[in-house]
Structures are given as structure tokens and as C-alpha cells.
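Worksheet for the structure shown next.
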4 protein chains.
Amino acid sequence: MARVRSPEKRAAILDAAVYEIAASGLGAATAKIAQRAGIASGTLFTYFPTKEELLNELYLELKSEVYARMDASFPHRASLEQRVRHVWTSYLDWSIEFSKKRKVSVQLHVSDVITTETHRKATAMRGAIDTTLSELENRRSLEGLPAGLAMAMMGAMQDATIEFIARQPKQRRQIIEGAFDVFWRAMR
Amino acid sequence: MARVRSPEKRAAILDAAVYEIAASGLGAATAKIAQRAGIASGTLFTYFPTKEELLNELYLELKSEVYARMDASFPHRASLEQRVRHVWTSYLDWSIEFSKKRKVSVQLHVSDVITTETHRKATAMRGAIDTTLSELENRRSLEGLPAGLAMAMMGAMQDATIEFIARQPKQRRQIIEGAFDVFWRAMR
Amino acid sequence: MARVRSPEKRAAILDAAVYEIAASGLGAATAKIAQRAGIASGTLFTYFPTKEELLNELYLELKSEVYARMDASFPHRASLEQRVRHVWTSYLDWSIEFSKKRKVSVQLHVSDVITTETHRKATAMRGAIDTTLSELENRRSLEGLPAGLAMAMMGAMQDATIEFIARQPKQRRQIIEGAFDVFWRAMR
Amino acid sequence: MARVRSPEKRAAILDAAVYEIAASGLGAATAKIAQRAGIASGTLFTYFPTKEELLNELYLELKSEVYARMDASFPHRASLEQRVRHVWTSYLDWSIEFSKKRKVSVQLHVSDVITTETHRKATAMRGAIDTTLSELENRRSLEGLPAGLAMAMMGAMQDATIEFIARQPKQRRQIIEGAFDVFWRAMR
DNA sequence: GATGAATGAGGTTTCATTCAT
DNA sequence: TATGAATGAAACCTCATTCAT
């Protein structure tokens, strides 16, 4: 049996990628990523055959991390509002705690490197959230609007909110709550 | 120093940049942009000293184009709702008509090439919209929330809406109106 | 030090090398050769310490195969013409049957990887053929010409012939015979 | 008007390519070729878009050089034998004088980088030689053999001859003449 | 002995920018 | 001013070989 591919190294590469991409954009050099991950430049390619694949995997990793976070303490039996509020809050908390990760996630989302297949996989990862969000969409207030719009709007409104929290970190809790109220009003 | 000789060439370069960046991302080669603009590769640098400046100017150009569009038929004396609805609708119309421009605008916004100075200039361009939007923000419903959040939310919600229109172009009008209702409910 | 454990594996590597080199030239990756041979990339180097050695061994293997083929049914007691014709025909038959092997053999011959030592060994392998060919060279018609020229010319003329057979495979026998007549005329 | 692509540089690249390929095979680095040609590594690609194109152009250049050499003092009114002898001798002279060029030409010919299109162009370059060679092929002695075989055989026999001249350069003239006699006997 | 992950030099090609023409 | 050839620093990726397992 030869040396075995180490999950630690894989994780180190993805971590390094977040750091470098946050700093230099998607053009970040694979060599720099490898260096920061503490491996030889060529080694990166035993874990990800091309840069493109690395980026796609990174996207999935980031998405899965947020979803895991939301699922963790999900209040399955709470009221719809409570559940939606949980999604709202936990995503914003994650976004602020790991702002580089969020930044990279957005860059990837906007770019053309993420394949439809990857987008599909990412969507499939939404566990408890999906149930909650679709419950939300069935409300009268969103009648006649395309499925998925509620979720998309939530994401969009969260993204808008984040920038303001970044500028006034001390008012974090207040902004998060206040913005949720705005969102919730829209959904009623 | 970018002494501008022919406004036509300048415009041609910006147009070409939109096309190429929409196709290949911000990494689009200046040489390709020049070629598409029908000029020699070196000439581009007579109009824009560096690629970075080109991108910043492009961003301003795109922003100014949207704002001009909104200002054009702005219903200055209409009700607040009517005026906000105008902003909402005219932006979405522009986004759909010039989807490449919007795509590029988003890419630029997310990336790090746009300087704070450029962002400042872009903000300063909002004419009639600004008055309307700040009127909106002064409402009780947004009390306690940071200034600018309403505008940011509108932008974010529009971006979310656009993707759904792209997927169901025939329901365009209905989605635009429905989504506005959602937005307006949030603002009340 | 290439302690040979399994002759089957060794043979598999050489076979795989023929295939890959025929497809991609001498630049064929050792890893691909190993893969096709059904072994791990590192194992290849247990059998051949360097790629260069592999290529040299491969050259000898191919040469020895042709010579073995010629020796197999060699008409030791036939007339000189009959014996030479046997060499001519059996080489061409082999070349057509194993065209990849011939192609690789030529590539190796032309390149600089084959050492003089290997060339020497290859020459030493010519068994019955050598006797026949030197008999041919002693004829008056080749007087004053360097030793070995007859054999070289035969090889050259065969190589020229092969391409025509490849293009008109149905006339194979006729071309082989006709070309031999041309060659034989040259030798008389 | 910008700087103009200089034929001298193009020639320098091709010359450098001959030198480097003769030394290291077709794997010769484009950077090394550029360096030897006295230009920046990137400049090479303004003259030849890819290495493959460079190699194809190089092949044509070498072929055209030989053919030009043969055409130069071609004895159009001499006997067939005299004309064929001219082709024979002038090619061998060129091969010996520019042995690196010949070596590279052979490497290219054997490899797979030369496209069929290039081969076609190369064939089309044979001027006076073609007329003479086809006259040769119409002789009774080659009846029933594929068109082009005579020319191919001549090439092959010349190649065989060259190696012997390389080993005994002092007997050059004698070997050239002797080998031609052998060839001519084959053609009668 | 067999495996395949790890290495890092080296390969081709691209690109923003400069500058001779 | 306009041109596009020239530059050389990266960029991504491949590969022969080593060596821990």
C-alpha cells in the first residue's frame, strides 16, 4: 500500500485557496495556493486535476459548510417564523465569522467557472432549509411568483445586509434582527 | 494620460470590453478587446493608461447608463410608491435588455479592481433616485436600520429577480410586478 | 538494479511502451505506459531504472523479435538469392503485421536515446542474416564500397517499400516481390 | 506604421530551431530556441503561433532549401542518367554540408507533428526533380510498381549512404559515386 | 516487491505594457 | 496619434523519479 491521499492536505489546499482567492481574485495562482497549503506545486494536482475542478470543489465545500452550520441547531419543531429566522441568523453569523469564505463563495457564484452540475449538487445539499423555505413559498403572499424566488430573495437581502454589518460591527445583532423584520414583512 | 481624441473609439473600446468580459471574465485580454474595438492593441492604452483604469471607467460608464435610463422618464411628481416602482422597473428592463452589461457590472462590483474612489463617483451619479430612496428610508418601518440599507436591498432583490426572468422570459412583466409587491411590502 | 521478478510484467511494460510511443512519440509518459501495462507507476522503475534504459531495452527487444522471425524458417541451404529474398520478405511481413512496433523501432533509431552500446548489441543479434548479407557484400558489384552498405541499403529500400504497401495493402505480395527485384538488380 | 516583422528574425528562429532540435530532439524547448535566436521567449510566438506550427514551417523550409539547391544548377538538357545523378549528388552534398539540417528533417519526417497538409506542400515544391523522376519511373524496369516508389527508394538509399560517408568522410566522392551506381543499376 | 502520493524543475503559451516606426 | 512587434514575467500543468507505507 502506498502513501494514502490525506484529507488534511485536501483541506489545507481548500483553505489556502480561500485565502488566496480572497486576496487576489479567481486569478490566484495555483502555485501560491500550494505554497500556502504547505505542499509542492505539483501536489495540488493530485488532489484536483485542474484549477477549474479545484474551484468547483471549493464552491461545494463552502456551500456544504454553511448548510451544515444551519442544520446543526435547526429548530425543527419551531414556528415557521422561528425556523426562517434561524436560517437568516445562522447564515449571517457564518458570513461575518468567515467573511473570506463568503467573499470567495460570491466570486465563484458570479463567475462562469461553476458548472451547472456543480450548481445542481449545491442545491441538492440544502437539507432542512429546503423544507422550510418551500413551506414559506406556499404562502399566499408569494402566489404567482416563480418557485425559488423567496429563497433567492432571502439570499439577496442577506448579502445586502452583510455589507452594513461589516461597516458597523458593533450593531451587528440589531442590524441582523432589524433586517430580518424587513424580510419577514415582505414574506407575509 | 489618456488624452481622448476620438469619443467614438473610446466608446468602441468600452463596448468591446463588455462583450469580451461577458465572454471570458475580467481576465479578458486587452488585445482581444482592442481587436474587437477595431483598433490596434497599443492604441487602447492611449485611451486608458492601464487595464485597471479601463475597468474602473467601464464600471462608471455602465452605472451612468443605468442611472441615465432611470432619470430619463422619472415621474418626479408621482407618489413615492410610483417613483420607487419606476426605479425598480426601469432597472430591471435595462438589465434584461442589456444582460451582458449587467453581468459585467456585477463582475466588476464583486471584484477588487473597482477602487473606493470609483465607488464614490458611482454613488454620486445617482440623481433623482437618491432623493426618492432617502425619502423611502426615512419611513418608520426602516427606523433603526443603517442608511442605505433600503437601496442596497432593492438592488439585491432586483438581482435575485433577474435570474428568474431570464428563466421565464415570457412572464417578465408579471414577475417584475410581483417581485415589486414583495419588495414594497418589506418597505412599508 | 532491475532485479526482474516477473517476466510477464516486464513484457507487459514493453508492450505498453510500444502502444504509447506509437501514439504519442518518445515523449510518452512513463506513468501512462505503466497504467496500460496494468502496474503502478513506481513499479515500472523496478524493471527499468530509468526511462532511457527502458527505451534502449525496448529497442533491443524489437530488434531481437525481427531477427528471431527471420531466423525461424531461414533456408540455410538455399541459393544466395533465395536467402536474401527470405530476409526481404520476412522483414516486410513483420513490419506490416506489427506496424506499431516498426514505427517505434524507427523512432528510436532516429532519436538520440539509443546508445552506441545498444546499437552494438543490436548488431550482434543478427544471426544467420549476417552471414548471408556479408556473402552478398563480397560480390564484385559492391567492390570499393564500405562494408555494411548493402545491408543498410536493403533496410532503406524496405522502409521505402513499406509505405507503399500501407497505401495499397491489397497489392502487398506484388509490391514486395517487385521491390525485391529492384533491390536484387542493384546488388548484381 | 509599427515595427515590421523581420524576415531576419524569422530566419534566426528557424536556424536556432535546427540547432536545438539537432541537440535535444523535438522536445527542444521553445525558450531555448528563442534564446539562441537572440529574441525574447515570447517573441517566438509572434512569428509562429504554436510550437507545432514552427515545426511544420521548419520542415517546409528545410525541404525548400534542398529542392532549391537541386534546381540551382539543374542540367535540364542532359541525359536522364545525368539528371538523376545530379539529384543524387546535390542532395548528398547538401546533407553532408548541413548534417544538422538533414538530421532535423528526418526527425520531423518520422514524427507525427508534420501534418498531411505540410507533406502535401512539401511534395508540391519539387520542381525540375519531379519531371525527371517521373520520367525515370516510366521505365520498363519499374513496371507494375506503385508510382513514387522510385523516388522514395532514391531517398531511402541516399539516407543509407549518408551514414557511411559520415564515418569515412575522406572517401566521400567515391562512396557517393559508388552508391549511385548501385542505385542506377536498380533502376535499369 | 508493489504501490501511488509527493516532488519541483521545466514546458508551452498568454498577457499587460512599452516603444520604434 | 496610431500601430503592432517586442518583452519577459507569470500562469497552468506534466513528468521522471523517489520513497513512505
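Just so you know, these numbers use all the heavy atoms, side chains as well, and skip hydrogens, waters and symmetry mates. Sequence lines set the chain letters: A, B, ... in the order given, protein chains first and strands last, and positions in each chain run from 1.
- Annotation: proximity of residues 49-57 of chain D to DNA chain E (heavy atom, distance under 4.0 Å) is found for D:Thr50, D:Lys51, numbered in ascending order.
- Residues satisfying the salt bridge (Lys or Arg N to Asp or Glu O under 4.0 Å) criterion with C:Asp15, sequence neighbours excluded, are absent altogether.
- Sorted by first and then second residue, the salt bridge (Lys or Arg N to Asp or Glu O under 4.0 Å) pairs with a member in residues 47-60 of chain D read D:Arg10-D:Glu57; sequence neighbours excluded.
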Report the secondary structure of DNA chain F in dot-bracket form, marking unpaired bases with a dot and bases paired to a different strand with |, and treating Watson-Crick or G-U pairs with both distances under 3.5 Å as paired.
.||||||||||||||||||||
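- When the nearest nucleotides of DNA chain F are assigned to D:Ser6 and A:Gly42 by heavy-atom distance, the more 5′-ward of the two goes with D:Ser6.
- Residue A:Tyr47 is classed as a sugar-phosphate contact, given heavy-atom separations below 4.0 Å to backbone atoms only.
- Within the structure, ring pair (Phe, Tyr, Trp, His ring centres under 6.0 Å) pairs that include any residue of residues 5-49 of chain A do not occur (at least two apart or interchain).
- Computed from coordinates, the B:Leu26 CG to E:dT14 P distance equals 20 Å when rounded to whole Å.
- Look at CZ on B:Phe45: it is 18 Å from P on F:dA6, rounded to the nearest Å.
- Residues satisfying the side chain to side chain donor-acceptor pair (under 3.5 Å) test with A:Thr118, not counting sequence neighbours, are A:Asn56, A:Thr115.
- Residues C:Ile13 and C:Leu58 are not in side-chain contact: their nearest non-hydrogen atoms beyond the backbone lie 4.5 Å or more apart.
- Ranking E:dA6, F:dA2, F:dC13 by closeness to the A:Lys9 side chain, first place goes to E:dA6.
- Residues that satisfy the side-chain contact (heavy atoms from CB on, under 4.5 Å) test with A:Ser64, not counting sequence neighbours, are A:Met125.
- Computed from coordinates, the D:Ile21 CD1 to E:dT12 P distance equals 10 Å when rounded to whole Å.
- As rounded to whole Å, 13 Å separates atom P of F:dT17 from atom CZ of C:Phe48.
- For DNA chain F, the neighbouring residues in residues 28-41 of chain A, judged by any heavy atom under 4.0 Å, are A:Ala28, A:Ala29, A:Thr30.
- Distance CG (A:Leu44) to P (E:dT7): 11 Å, rounded to an integer number of Å.
- Taking 4.0 angstrom as the limit, D:Thr43 places none of its side-chain polar atoms (N or O) nearer than this to OP1 or OP2 of F:dA5.
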Could you pull out all donor-acceptor pairs under 3.5 Å where a side-chain atom in residues 103-111 of chain D meets a protein atom, sequence neighbours excluded?
unit_1	atom_1	unit_2	atom_2	d
D:Lys103	NZ	C:Asp112	OD1	3.3
D:Lys103	NZ	C:Asp112	OD2	3.1
D:Lys103	NZ	D:Ala22	O	3.2
D:His109	ND1	D:Tyr59	OH	3.1
D:Ser111	OG	D:Leu108	O	3.0
D:Ser111	OG	D:Val113	N	3.2

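- With contacts defined as side-chain heavy-atom distances shorter than 4.5 Å, the pair C:Asp159/C:Arg102 qualifies.
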Validation: residues 27-41 of chain A side-chain donor-acceptor distances under 3.5 Å, sequence neighbours left out:
unit_1	atom_1	unit_2	atom_2	d
A:Arg36	NE	A:Glu20	OE2	2.9

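- The separation between D:Glu8 atom CD and F:dA5 atom P is 15 Å, rounded to whole Å.
- Listed by chain and residue number, B:Arg120 satisfy the salt bridge (Lys or Arg N to Asp or Glu O under 4.0 Å) test with B:Glu117 (two or more places apart in sequence, or in another chain).
- With sequence neighbours excluded, the residues satisfying salt bridge (Lys or Arg N to Asp or Glu O under 4.0 Å) with B:Lys101 are B:Glu65.
- Atom CD1 in A:Ile13 sits about 14 Å away from atom P in F:dC12, given to the nearest Å.
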